[in-house]
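One structure below.
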Amino acid sequence: MGQLPCCLSLRSKACTDCRMLSGCAHQNALGYVVLRVIKAELSRNFDTMTRMDPFAVVYLVAEDNTRCKICCTRTDWGGHMSPYWDHTSRMQMVCKGDKFEIEVWERDFVKNDFCGRASVTLVELLSMADDAREVERRRSLTSAETLCKASKAAAGHMHNFMLQLNGEPTGSISVQALRFPLDAGDEDLLLPRATDVNPDMFEAPATRVGVSGGTAPFFNLRLARPSQGSSQSYYIGKDISHASDEVSFYEEVLSTRASCKDSLGLGALLDFTLDYAGAVTLPVDDASEGIAQAKDLLVMRNLMDGFIQLRLLDIKIGQVTGQAGWKGKSRIRALKQGLLDGCTNSHAEGFRLEGFDNRPASLVSMDPLLDVGVPSAKREKTIKKAQRWMLQRWTGEEMFARFLDVHQDQFGQNSGEPSGGRHCDDAADGPADSMLAATFAPVEVAEMVLHEMVWRLAELALACRRSPVPQKWIGSSVGLGFEIGRLPERSRAGMEATRKSAIVKLFDWGRSELNTLDKHMRLTDGEQWDRSKFWRMYVGGIDRLSWEACRAYKRMFSNSAGWSEVVLTVRDFDSMSGKEFIGSATVPLQATSDRRIPLSATDKPQAPDARDNCASITYSIAWQSFPAGSRLKGSWRVTISRGWRMLRRDGVFNGGRVDPFCEVVAVSEDAACRLRQCTSVKANAANPVWDEVFDIPVAARCGALEAALDSASPGLGENDFVYVDSTGAE
C-alpha cells in the first residue's frame, strides 16, 4: 500500500465538516475511505507543442450533486501520456449515494487543459476494497500502530477506470481504495482531529492568493465581523489537500501551549510559529479550476495582514530536507531531494532560499533565460523554474543584499523615479529635506528592519538551544519580511511600528513532528539518535542564518568612521557563462558632479584621453545628512547615470549582444567593510541608461550590532564575530 500509513494518521475534523454541505447525517455514514491515485495512461496528447505535464484532482460528489475536493496530486512534469503520481488522499467520511470523480488535467501556464474524468460510485469502490474489522485487537495498540496495521488489512487491489471527455474515451486511471468502517468506538482510535472553525466567521467565497514559493494553494479569508484590533484579513486559508500533514503539528502546538504555563519548555520556540485557529470548509473561487467549489482550509495567521506591499523571503532550513520513509516521503523522492540539497546552498550553509515575494527591480531584470532561446508558449513556466534554481543557489550574503535592496522601491510614492531619488538633492534645502523631516528614508527603514531581525534571529537560535528535547523539523521554513509599500513617519512611534512589523516566523510543517519530553522518553535509542542528528542540522542552519544577518548588518550599517572609495565595475549578465567582466574604475568617495570616466579592462587605469575609444561610465556623488536623532548620520548618494561603448563579450552565445549592469562596491577607510550593490540589467544595450541612486550609509554611532545581540542574551555581543560550524571549523 506504499505510504498509506503515514498519510492516514492525519485526519482533520474539517474532512467530516464537508459532509454537512451534502446533508449527510452521521447515522447515514458508511465509514471512512482513502484513495490512492497511482497513475494514468492517456491516449491523446493535449499539448500540441511539447510533452504534457499531467496532474489529477479527486472530488467527492454527494447525492445532491454537491462536490467537495478531496485532494490534488503533484504535477508529473514531463510525464506526458503515462503520468505517475502515487498520491494518497486524506481520510474522508462517505455516505450512501456518494460517488468519486477523478479528473486529469494538463498543467499549462495560460490555462490548464482538461484531459478526462472518471466517475466511480461508492458501491463500485467499496466492493473493491477490503474492510478493516479488527477493532478489538487495535484497541491495545498505539494510534500509529493501529493505523499501520489496519491499513494493511484494508488495502484493496489496484483497479483501472476509464477517463472520458465529451463521451469519448481518453485513457484510464489506476486507483486503490482503503476502507475504515464506522463501527462503535472506531472514532476513538483515530488521532486528534483539527479544531473546528465556524464558517460563518468568514465571507464567502474565498479567493486564491498568488505566492512565489511552495506548491500549496492559499486563499484570502475575510472575517465577517472582525473583533476590535483585528482586520478582516487577519487569517489566511491553506488548502488541506496539499497540507494534511500540517494539521497534527498545529494541533499539537495548541495542546502543548495549553498543557502548562511554560509549554513544556518549548514556549520560547513555539512563539515563532504562526497563530493557528483550526480548519474550516468554505466555497472558494479558484481561477485555475474555473469553477467555485467547497474546500477544506487550514486557518492560520496571515503574514500579509496590515501590509501594503510585503517583501518576504521563504528560507528552507537544514542541510537535509527529505528523508525516505519519513512522513510519506518515498525513496525516489528523497533521492531527488538529496540531489537538490547537494547542489544548492542547503549543503553549503544549511539553508536555501525557496521564495522571494516583491523582489527589487534589479533582481527582476536578471532574466536567467536572457541568452537562451525558449519558445514563448513555455517561457513563463521555464523562467519560473530557472529563477527558483537561481534563488536556491544563492549564498546568505547575496540573499540579504538583494533582500535589503531598496534603492528602486517606491514605498508608496507616486513618482516615476525611484523612491531613493526623492530623498536626494544637491541643494542644502528643498523638497528632499522637507520629506526627510517628515518620513524616514528607505535606507533608514532597511537599517531598522535588519537590526530587529538580528535580534529576533538571535533569540530564535537561543530558543532552539533551550528546547528540552531534539526536534525533527525537516523542510520547515523561516519567513523574513518587511514593508516596502510606505515610508513610516519620522517619530519614535514610527520607528517602533517599523521594528514591530518586521517578520521572523517559522512555518511549513508538512515533514515535521513536535517532540516533547514525554514522547522522547518513549522513543528507541535509534529514534532518539535520529532526532538528535536532524536537530543538529536544523539548529546549525538557524545559527548560520543568524550569523549571515549579523554580517550583513556589520557591512551595511556598522561603519561610523566613514568610507574612502567606491569601485564601479560593469559586467555583462550572462546566464550561460557567468557574469563577464567589462571594465572597472575606482573613484574617491567625495561630492562630485556628473562625471564621465573610462573603465579599465585590466588592473591598470585608463589614460584620460582613452574614454572615447573604450567603455566609460557617468556617475555623480552627493552627501545627504539625516535629521538629528536618526540612527544614521547620513549617506553618500552615488548616482550611476549611464554607460558608453560597452564591449561585446559574449558573442559566441547570443550574436554579440551585451546585457550590462554595474556593481557599486564601497570600501571603508579601514578596509574592514565592503558594501556591494547592483544596478538593473539592461538587455542588449551597448549604451545603457540606468539613472539609479545608491545609498552608502554612515552610522551615527558604533555598537548597534552588539546592542542587538546583547538584548537577546547579555554578553552575546561581546563575542568575536566569527562563525564556527558544528565541527569547530571557522
Side-chain angles (χ1 to χ4, degrees), residues 209 211-213 231 233-234 236 272 274 301-315 351 353-364 391 394 396-413 418-420 423 439-460 477-507 545-546 548-557 630-632 635 675 677 695 697 704-705 708 711-712:
V209 182
V211 293
S212 64
S231 66
S233 57
Y234 184 85
I236 195 170
F272 285 92
L274 297 177
R301 183 72 169 99
N302 183 9
L303 288 179
M304 299 181 184
D305 177 41
F307 291 92
I308 297 176
Q309 193 174 8
L310 174 64
R311 175 166 292 170
L312 182 66
L313 299 182
D314 178 355
I315 307 168
F351 62 86
L353 183 59
E354 285 289 330
F356 196 153
D357 289 342
N358 290 315
R359 305 174 185 184
S362 59
L363 177 56
V364 173
L391 298 182
W394 272 1
E397 178 183 6
E398 182 75 14
M399 180 183 71
F400 277 104
R402 298 292 181 178
F403 180 56
L404 298 165
D405 180 5
V406 294
H407 81 278
Q408 289 178 288
D409 293 326
Q410 294 298 317
F411 279 90
Q413 302 175 27
S419 63
H423 286 278
T439 62
F440 287 104
V443 68
E444 292 180 281
V445 174
E447 186 277 332
M448 289 185 288
V449 166
L450 184 56
H451 190 267
E452 180 73 13
M453 289 181 178
V454 166
W455 168 58
R456 294 195 199 175
L457 286 171
E459 284 202 323
L460 175 58
S477 296
V478 172
L480 304 180
F482 69 102
E483 174 70 86
I484 62 169
R486 62 187 164 204
L487 289 172
E489 64 175 13
R490 187 175 290 277
S491 64
R492 183 71 179 179
M495 179 184 298
E496 292 300 325
T498 300
R499 297 178 68 94
K500 185 178 180 180
S501 65
I503 293 175
V504 179
K505 286 293 184 180
L506 302 176
F507 60 93
L545 181 63
S546 178
E548 290 290 349
C550 293
R551 181 168 69 164
Y553 189 91
K554 185 175 181 64
R555 289 183 171 181
M556 296 180 185
F557 304 113
S630 172
R631 297 170 60 87
L632 301 177
S635 69
L675 173 58
Q677 304 177 72
D695 280 289
L705 175 60
S711 62

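All residue numbers in this chain count up from 1 along the given sequence.
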Between [X] and [Y], is any pair of side-chain heavy atoms under 4.5 Å apart?
X      : Y      : answer
Asp695 : Pro442 : no
Asp357 : Arg311 : no
Leu675 : Met556 : yes
Glu548 : Met399 : no
Ser477 : Leu506 : no
Leu457 : Val504 : yes
Arg490 : Ser630 : yes
Asp405 : Ser362 : yes

Locate the shortest heavy-atom distance separating [X] from [Y]; write the atom from each residue and the value.
X      : Y      : answer
Ala441 : Leu487 : C-CD2, 4.2 Å
Ala712 : Ala458 : CB-CB, 3.7 Å
Met453 : Gly481 : CE-O, 3.3 Å
Phe351 : Gly396 : CZ-CA, 3.8 Å
Ala552 : Leu450 : C-CD2, 3.9 Å
Cys550 : Val454 : SG-CG1, 3.8 Å

Using atom types as modelled and distance alone, determine if a side-chain donor or acceptor of [X] lies under 3.5 Å from a backbone N or O of [Y].
X      : Y      : result
Asn302 : Met304 : yes
Arg359 : Phe356 : yes
Glu483 : Thr498 : no
Asn358 : Gln309 : no

Taking atom [atom1] of [X] and atom [atom2] of [Y], what is their separation to the nearest 0.5 Å?
X      : Y      : atom1 : atom2 : result
Glu459 : Ser711 : CD    : OG    : 7.0 Å
Leu460 : Arg456 : CG    : CZ    : 11.5 Å
Leu312 : Lys505 : CG    : NZ    : 13.0 Å
Phe440 : Glu447 : CZ    : CD    : 9.5 Å
Phe400 : Leu545 : CZ    : CG    : 5.0 Å
Leu353 : Ile315 : CG    : CD1   : 6.5 Å

### Task
Quick one: do Val443 and Leu632 satisfy side-chain contact (heavy atoms from CB on, under 4.5 Å)? Show the steps, please.
CA-CA 9 Å; Val443 68; Leu632 301 177; 4.2 Å; yes
### Task
Take Ile308 and Ile484, measure what side-chain contact (heavy atoms from CB on, under 4.5 Å) needs, and give me the verdict at the end.
CA-CA 8 Å; Ile308 297 176; Ile484 62 169; over 6 Å; no
#### Entry: Full working for side-chain contact (heavy atoms from CB on, under 4.5 Å) between Ile236 and Arg301
CA-CA 6 Å; Ile236 195 170; Arg301 183 72 169 99; over 6 Å; no
### Query
Honestly, is Arg631 close enough over Phe557, meaning NZ or CZ under 6.0 Å from the six-membered ring centre and within 45° of the axis?
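Verdict for Phe557: no cation-pi partner in Arg631.
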For [X], enumerate each residue passing the side chain to side chain donor-acceptor pair (under 3.5 Å) test, keeping only those at least two apart in sequence or located in another chain.
X      : result
Glu398 : Arg402, Arg676
Arg499 : His451, Glu452
Ser501 : none

### Task
Go through Val478 and Leu480 one step at a time and tell me if the side-chain contact (heavy atoms from CB on, under 4.5 Å) criterion holds.
CA-CA 7 Å; Val478 172; Leu480 304 180; 4.0 Å; yes
### Query
Do Phe482 and Phe403 make the cut of ring centroids closer than 6.0 angstrom?
yes
